[in-house]
Each structure stands twice: as structure tokens, then as C-alpha cells.
Asks: 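One structure follows; several queries about it will come next.
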Amino acid sequence: MSLNHDYRTAADEELVGWSRLGETEAFEELVFRHRDKIYARAMMMMRNEEEALDLSQEAWVKAWQRLHQFQGDSSFATWMTRIVINLCLDQIRRQKKNRTESIEQLEEEVGGVEHQLSIEPGNPTEGLEKDELRRRIDEAMTKLTPAHRLVLVLHEYEGMEYKEIAKKVGISIGTVMSRLFYARRRLATLLRGLQRERDN
Amino acid sequence: MSRSMSKFVRSEKRIEFMKLETMLEIQSSVDGQLDNQRRGAVARLMSSDTEARELHQQLTSVRMALRQHEPAIPVPESREFYWSQIERRLQVGKMASVSAPSHSLAIWRWLAPMVGLSAVVAVIALQPFASSGLHSFQVGPGNPQATTVTFSSEADGVTIHWIN
């Protein structure tokens, strides 16, 4: 159904309005504009390409079904990101039920040995080029457990406060803080290791 | 383990725990989630403790690096293929919603015969009053999708309205 609208130049809000009227071309344009961000968020949380693709597509289907709920209080991209995050959280919960946490993971939950490591002075990201840093952050993120990565993503990329994360994930504020702390220390250690590798 | 040794271990653990607590306070200060009083305490600690200062710096630099250098991970499929999969799911969803009766329709399927039966009973019960001219009434379906079938027998003095 096309009503001679110029989808490519239209604002997101206009596309949402046309999509609500059943114009799938308008919705396709929204998918095209934001698909990388939505997929990246799913990938960041799941670290599995197949799952990330499936969940990001499911998020778009959910969005289509719930377009009438989009009030425009936040941007369309933010609204979409929240949908994909909720789907990822549901998936992580389902996986957690079927998985026994390893001793290593349990140690990490309570802070593990990371907080006992000596603090090396200096910036662990210093001297790294932007693209290289991006790549290395991505690489380091894969080495975190899903629980730690989840808290880090919600805090750093979604800008959620401790209380909000605790509510969303269903853990205490103290656990949010310790997981975040562990994840950051681990990232600092990994980035510093990568920095040393490069220097040698 | 001797008594004094056990006391020592307990005290070590306490020191470790307190230290983690302090580290989490420093982290909260990096994230701007401390009240004024605690912020002041952390600031005083950092001015006198090198380790606290270095931890603050490390956490800040990791936070900045993450926020400013979010990894870009593009969809590993072409636009057309990615959209075609979404479109297919939308079609499946539409077909499912067409084939599955909605909640309100499902309820109406139960209610319709009941309403019809009630209407028939009401018509029969009130017929003597209607024929005697005491009362006139009209039974109308509440649902615009409902259909009515009327049976009338002057010989028996009965009119039956069946509402579907």
C-alpha cells in the first residue's frame, strides 16, 4: 500500500503514523534506518549472531503490533531499543533456568578476585585509535559472562541507573553495583592486556 | 585452626569487605549516584589516598571509552533479506489473528444462544399481555452482527423471535 509518500525523507514520527495506517513500506523504511542499532544491541547482549538476528526481527514484529502504544515520549529508536532489550532479557531468563552456573561464574557474582587486583595507574584505553578501541571493546565484551555484560550494557549504553537495572533484571542494587564493578575492572584488565600486546 | 588464627582470618575478611564497599562507593561517585554527603566523603578519600584516586581514574576511563566507542555491529544480512524475514513473520501473525477468533468473538459465540433463548422465553411469557393490549414491547438485538428469525402463528396467538 503506497500513498505516494516520500518515505526516504520523512521523519520517524511520520513513518510511524503511516505504519499505523497499515503502510508496510513506511515500516520497512523504519527497519532500514534502525536495524543496525537494534541488531547491535541484541548482539551485545546475546553474543550470538543467530539469536541476535532472531530477537531483533522479533522486536520489529512486536513493534509493528504495538505501534499504537508508541506515544512519542522518547525517540522511536529508544522505544525500539527497549523492546529488543526486553526480548533479550526474556531469552536470558529462559536460558538461565536451563543452565547451572559454574563456580567461576558464582565467584564473579560476588566480586571474584577482581576487586583484590592491584590498581594499575593510567588510562587502559590510552593510545588506542578509535576504530581499534571499538574493536577491542567488542572483543573484551565477549569475555564477560552474560550476567556482567548485561548490567554493563544497560548502564553504559542504555544509560539506566542502578535502581532501574535492579528492577528490570530482578536483582538487588548491591548486585548491580558489584557486577558493574567487576565488569569494568575486567574490561580495564583486558584492554590493558591488549594494549601491552600491541606495544610488544 | 587456632583461636587467634581464626580471629585473624575474620579480621582480614572484614578489611577486604570494607575495601570492596569503599570501591563501590568510588564507582557510585563515577556514575554520579551518590548523595552530597557521600560524595564529599569520597572526594576527601581521593585527596588523601592514591589507590582510591587511581581506581576513580580507571573506572572513569573505562566508562568514557564504552560510552564514546560503542562497537558498531551491522546486520550481517542484506536489507532485502532481513526485511523479507520480518515481512514473513508479519504475514504469519496476520493469518493467525484472522484464523483465531478474538476474545470478544469467542465470548459472543457462547452468549448468542443464551441471549436468543432468553429472548424467546421473554416473547412467549409476555405474549398474553401484548395480545390483550396491556403492554407493547420490542426485542432488539444488542449486537449489530446478530440476525433475527421470526415465526408467527395467528392461530396459536404466538410469535417467536430467534436471535443469532
Side-chain angles (χ1 to χ4, degrees), chain A residues 24 27-28 31-32 35-44 49 52-54 56-58 60-61 64-65 111 115-116 118-126 128 130-131 133-139 141 152-153 155-157 159 161-163 174 177-178 180-181 183-185 187-188 191-192, chain B residues 12-13 15-34 49-94 96-97:
Chain A
T24 48
F27 192 65
E28 186 183 354
V31 172
F32 175 63
R35 69 190 176 129
D36 283 343
K37 185 181 166 59
I38 301 308
Y39 169 74
R41 187 60 79 246
M43 188 62 185
M44 195 69 89
E49 192 179 296
L53 273 170
D54 182 53
S56 67
Q57 286 169 345
E58 190 56 34
W60 286 108
V61 174
W64 170 264
Q65 292 163 346
H115 74 276
Q116 295 168 25
S118 62
I119 300 154
E120 289 185 57
N123 183 349
T125 64
E126 204 176 330
L128 294 170
K130 278 184 182 178
D131 288 343
L133 187 53
R134 271 200 187 93
R135 195 171 51 77
R136 293 197 166 191
I137 286 173
D138 188 36
E139 199 181 320
M141 290 287 262
L152 198 65
V153 168
H155 185 71
E156 303 295 13
Y157 297 139
E161 294 193 347
Y162 300 162
K163 205 162 79 177
M177 289 165 76
S178 60
L180 191 58
F181 182 73
R184 281 168 165 165
R185 295 297 309 276
L187 269 186
L191 290 171
R192 202 179 288 282
Chain B
E12 276 287 292
K13 278 188 177 167
I15 288 167
E16 225 172 66
F17 177 70
M18 289 300 287
K19 203 172 177 190
L20 176 62
E21 208 172 56
T22 309
M23 287 172 160
L24 293 181
E25 287 254 293
I26 293 170
Q27 175 178 251
S28 300
S29 125
V30 169
D31 292 329
Q33 298 212 16
L34 280 184
D49 188 324
T50 316
E51 206 182 352
R53 214 166 31 245
E54 282 167 355
L55 176 64
H56 190 277
Q57 191 194 354
Q58 188 186 69
L59 294 174
T60 306
S61 56
V62 170
R63 178 184 153 100
M64 298 278 280
L66 285 169
R67 293 195 173 208
Q68 291 170 4
H69 303 91
E70 183 178 347
I73 313 173
V75 174
E77 288 174 349
S78 70
R79 171 186 177 162
E80 291 73 23
F81 186 65
Y82 188 72
W83 168 248
S84 70
Q85 287 172 301
I86 295 169
E87 204 174 23
R88 190 165 47 83
R89 291 190 194 196
L90 291 176
Q91 290 299 331
V92 170
K94 258 186 208 168
S97 66

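Residue numbers begin at 1 in each chain, while the letters A, B, ... track the order of the sequences.
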Asks: Heavy atoms, side chains only, cut-off 4.5 Å: are Val153(A) and Met141(A) in contact?
Replies: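 Side chain of Val153(A) against side chain of Met141(A), heavy atoms only: contact under 4.5 Å found.
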
Asks: Determine whether Arg185(A) and Gln58(B) satisfy the following criterion, side chain to side chain donor-acceptor pair (under 3.5 Å), listing intermediate values before the conclusion.
Replies: CA-CA 8 Å; Arg185(A) 295 297 309 276; Gln58(B) 188 186 69; 3.0 Å; yes

Asks: If I measure from the heavy atoms of chain B, does Arg41(A) come under 4.5 Å with its side chain, its backbone, both, or neither?
Replies: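 Arg41(A) touches chain B through side-chain heavy atoms alone.
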
Asks: With a 4.5 Å cut-off on heavy-atom pairs, point out which of Met43(A), Lys130(A), Arg135(A) contacts chain B the most.
Replies: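 The option with the most such pairs is Lys130(A).
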
Asks: Specify which of Val61(A), Leu152(A), Asp131(A) makes the most heavy-atom pairs with chain B at under 4.5 Å.
Replies: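 So the answer, after comparing Val61(A), Leu152(A), Asp131(A), is Val61(A).
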
Asks: Does a salt bridge link Arg35(A) with Glu77(B), judged by any charged N lying under 4.0 Å from a carboxylate O?
Replies: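 Glu77(B) and Arg35(A): not salt-bridged.
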
Asks: Within the 4.5 Å heavy-atom criterion, are Arg63(B) and His155(A) side-chain neighbours or not?
Replies: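 Yes - at least one pair of side-chain heavy atoms lies under 4.5 Å apart.
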
Asks: Between Leu55(B) and Thr22(B), is any pair of side-chain heavy atoms under 4.5 Å apart?
Replies: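 Answer no - side chains too far apart.
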
Asks: Is chain B contacted by the side chain of Leu180(A), its backbone, both, or neither, given a heavy-atom distance below 4.5 Å?
Replies: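 Both parts, backbone and side chain.
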
Asks: Do other residues, nucleotides or ligands put more than 12 heavy atoms under 6.0 Å from the CD atom of Glu161(A)?
Replies: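 Open: at most 12 neighbouring heavy atoms sit under 6.0 Å from CD of Glu161(A).
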
Asks: So which of Trp64(A), Phe27(A), Tyr157(A) has the largest heavy-atom pair count under 4.5 angstrom toward chain B?
Replies: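 Most heavy-atom pairs under 4.5 Å with chain B: Tyr157(A).
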
Asks: Mind ranking Leu59(B), Thr50(B), Leu90(B), Asp31(B) by heavy-atom pairs under 4.5 Å with chain A and telling me who comes out on top?
Replies: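 Going by pairs under 4.5 Å, I would pick Asp31(B).
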
Asks: Measuring heavy-atom distances to chain B, does Glu49(A) have an atom under 4.5 Å in its side chain, in its backbone, in both, or in neither?
Replies: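 Side chain only.
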
Asks: Would you name the heavy atoms of Tyr162(A) and Ser28(B) that are closest together and state the gap between them?
Replies: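 Minimum heavy-atom separation between Tyr162(A) and Ser28(B): OH-CA, 3.4 Å.
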
Asks: Heavy-atom distances under 4.5 Å only: say whether Thr60(B) touches chain A with side chain, backbone, both or neither.
Replies: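 For Thr60(B), there is no contact with chain A at all, as no heavy atom is under 4.5 Å.
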
Asks: Counting only non-hydrogen atoms closer than 4.5 Å, does Gln68(B) touch chain A with its backbone (N, CA, C, O), its side chain (CB onward), both, or neither?
Replies: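 The backbone, not the side chain.
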
Asks: Less than 4.5 Å to any heavy atom of chain A: does that hold for the side chain of Glu70(B), its backbone, both, or neither?
Replies: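 For Glu70(B), heavy atoms of backbone and side chain both lie under 4.5 Å from chain A.
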
